[in-house]
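First comes the structure, then the notes that go with it.
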Number of protein chains: 2
Amino acid sequence: MASDHTRSAILAAAERLYADRGFGDVTLRDIVAEAGVNLAAVNYHFGSKDELIAELFVTRSIATNRERLRELKAAEEDGGGRAPIEVILRALVGPTLRGCLGPENQRSTAARFMIRASIESVPPIRRIKNREIDHLRKFAGAMRRSLPDRSDVDIYWGLNFALAMAHHTIRESERLTKLSEGKCDLDDVEDVVARVVSVATMALTAGKAEAKAPARALARDAR
Amino acid sequence: MASDHTRSAILAAAERLYADRGFGDVTLRDIVAEAGVNLAAVNYHFGSKDELIAELFVTRSIATNRERLRELKAAEEDGGGRAPIEVILRALVGPTLRGCLGPENQRSTAARFMIRASIESVPPIRRIKNREIDHLRKFAGAMRRSLPDRSDVDIYWGLNFALAMAHHTIRESERLTKLSEGKCDLDDVEDVVARVVSVATMALTAGKAEAKAPARALARDAR
DNA sequence: TTGCAATTCAAACAGTTGTATGAAACTATC
DNA sequence: GATAGTTTCATACAACTGTTTGAATTGCAA
């Protein structure tokens, strides 16, 4: 408790290495070498390798979640308990996108770590992600208040698609850049946020009956 | 060459195990035990563990890609070289969704394997996915022909979002079911396809100038 | 049958992994 | 400055990994 030096040196080194090389091929020995501490230090301070990874991920994701809720709460207070759907969606995907995209050379270690965490799915992180449901429910609630005419099903699908676009864009940002030959500028984070929010809003506010019927009418049977 | 028996027994056993337990904790010894063959057989027939995984994944994904292109080609021929955007999008996301969703108890081993492959990202599979760009370009081309007024940037973003919604829904289908308390029915695959296609279509056909500007106007600065 | 190649097999190999141990070094309190 | 508690360290451990080897077996052609 006196000197957290070793502890935080390990955290920093681990985050850096995982960010750069992924979870797959970073061993405890790599981490302690980078941190300049003894091999046994990890198990002494964190219990196990998985608990180290979990602590890293938890720290970063509660920070993001706090930021999300802060934006959400501010928006609902502004609107007297009811926020515009665009603002809610912005609070949902904005912090994550801002945290993970942007010019690569000025991307923080934390950001690069979180990208890794969303690309490579490793057991301790997956366990934590599964507990994120309560957090998402708060957004579902706000969305329901914002769009009282919408059915729950539509709300959940809208939420799902918003997260889908944000996370997939982060995960596959490299591929999108390559595919579009650089025409899609992933460094312009606010543009990305605007695009995601805009599409998610359309998904949530489009004419209710139309959503299913016409799409179905276009169904073609596979020969 | 004479008897592929061992070879295909390995492929089948590996696919089954990976589908059930993920890539993380299935060893060669697990596979050969399940297949009832000798440990050395994997290296004899496939060269290495990674090449075995790669062969599994390639087989399944060329099947999906072929199906996609078949639908796309049929649609474009129907329309004299220009297909409606909904049909193109349906050809893009339909085969994947149909292959991976649907009632769990009647989900094929192949489907469960592909879900795993999209959740756990393992090196040999990632290498293959990176070569999928050429395939996606064909869809970008068809979309451009279908929406000649749209800019390339918008086309690529629409493509990206369509894939995002499809893949994320597959990856997180369990979470969406839990979050919505079963209200979102992921077993009704055609409904899922219709929802994805509908939203992606809106993303691609919404008023051009509006896409960016109004969303930006709603931007709030963090206090 | 004989000969030759393809396949199977048991066994060992070589390397790496996360973790545990017990002694040494340190730190702060009295 | 002795003591008790914390932290560091070198080292060993035990298990597991994918891969290789070389001999046995099989299948097929001449």
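Residue numbering restarts at 1 for every chain, and letters A, B, ... go by the order of the sequence lines.
One atom, CD1 of A:Ile31, and another, C1' of C:dT19, lie 14 Å apart when rounded to the nearest Å. Rounded to an integer number of Å, the gap from CG of A:Asp50 to C1' of C:dT17 is 13 Å. Between the CZ atom of A:Arg7 and the C1' atom of D:dT7 there is a distance of 14 Å, given to the nearest Å. As a whole-Å value, the separation of A:Asn43 CG from D:dT8 C1' is 14 Å. The nearest whole Å value for the distance from the CG atom in A:Asp30 to the C1' atom in C:dG18 is 13 Å. Counting to the nearest Å, the C1' atom of D:dT7 and the CZ atom of A:Phe46 are 14 Å from each other. Protein atom CG of B:Leu52 is 15 Å distant from nucleotide atom P of D:dT17, rounded to whole Å. Counting to the nearest Å, the P atom of D:dT8 and the OH atom of A:Tyr44 are 7 Å from each other.
Taking the nucleotide of DNA chain C with the nearest heavy atom to each of B:Val37 and A:Leu28, the more 5' of the two is matched to B:Val37.
Judged as a side-chain hydrogen bond (donor to acceptor under 3.5 Å, both in side chains), and not counting sequence neighbours, A:Thr109 has no contacts. Every residue meeting the side chain to side chain contact (heavy atoms under 4.5 Å, CB included) condition with B:Ala142, not counting sequence neighbours, appears here in chain and number order: B:Leu72, B:Glu76, B:Ile88, B:Arg145. The salt bridge (Lys or Arg N to Asp or Glu O under 4.0 Å) check on A:Arg16 picks up A:Glu34, with sequence neighbours excluded. With sequence neighbours left out, B:Arg171 forms a side-chain hydrogen bond (donor to acceptor under 3.5 Å, both in side chains) with no residue at all.
Under 4.0 angstrom from either OP1 or OP2 of D:dT8 there lies at least one side-chain N or O belonging to A:Thr6. Between C:dT8 and B:His45, a contact under 4.0 Å exists linking OP1 or OP2 to a side-chain N or O.
Among residues at least two apart or in separate chains, salt bridge (charged side-chain N to carboxylate O under 4.0 Å, His left out) pairs with a member in residues 50-61 of chain A are A:Arg7-A:Glu55, A:Glu15-A:Arg60, A:Asp50-A:Arg127.
With ring centers used as reference points, A:Tyr18 lies 6.0 Å or more from A:Phe57.
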Inset, instruction - In sequence, state the C-alpha distance, the side-chain angles, and the governing distance for B:Asn130 and A:Arg175, and then conclude on side chain to side chain contact (heavy atoms under 4.5 Å, CB included). - result: CA-CA 7 Å; B:Asn130 286 342; A:Arg175 188 171 74 169; 5.6 Å; no
Could you pull out the protein-nucleic contacts involving nucleotides 11-13 of chain C (nitrogen or oxygen on both sides, under 3.5 Å)?
none

